[in-house]
Amino acid sequence: MVMLLYVLYRVCPDELREAISSLLYAASRCGEFPELQEIRAVMTTRFGKEFAASAVELRNNCGVNRKVYYDLENFQDVKICLLLGSIIQ
């Protein structure tokens, strides 16, 4: 019965919310990985655009794991530094 409600209303189960939200957030920050983009498309279709937007935009109670958030923010900084370094050379 509970699983039927998840299917009908496209509600992400609480026990999967952090994992799926973190994957959606990571996919939005790492465009060079086509597998993540495929996962993002499937999860957006499954749980709705509003759920995906909540994770990508880091809205309140979005469920994105803090470690994933901080690691990806640092990853973006590293990519920018590498890009600037290659331009300067």
Looking at G63 and S21, what are the two nearest heavy atoms and their distance?
C-CB, 3.8 Å
Taking the side chain as everything from C-beta on, heavy atoms only, tell me whether R40 gets closer than 4.5 Å to T44.
yes
Looking at L36 and A27, what are the two nearest heavy atoms and their distance?
O-CB, 3.4 Å
Contact between F51 and R17 at the side-chain level, heavy atoms closer than 4.5 Å - yes or no?
yes
Is E38 atom CD crowded by more than 12 heavy atoms from other residues, nucleotides or ligands, each under 6.0 Å away?
no
Looking only at heavy atoms, which two atoms of L72 and C30 are closest? And how far apart?
CD2-SG, 3.6 Å
N/O donor-acceptor pair under 3.5 Å between S54 side chain and E50 backbone
no
Side chain to side chain contact (heavy atoms under 4.5 Å, CB included) test vs Y25 passes for just one of V56, L58, I20, namely L58
Within the distance-only criterion (no hydrogens, no angle test), does the side chain of S22 pair as donor or acceptor with the backbone N or O of N65 below 3.5 angstrom?
yes
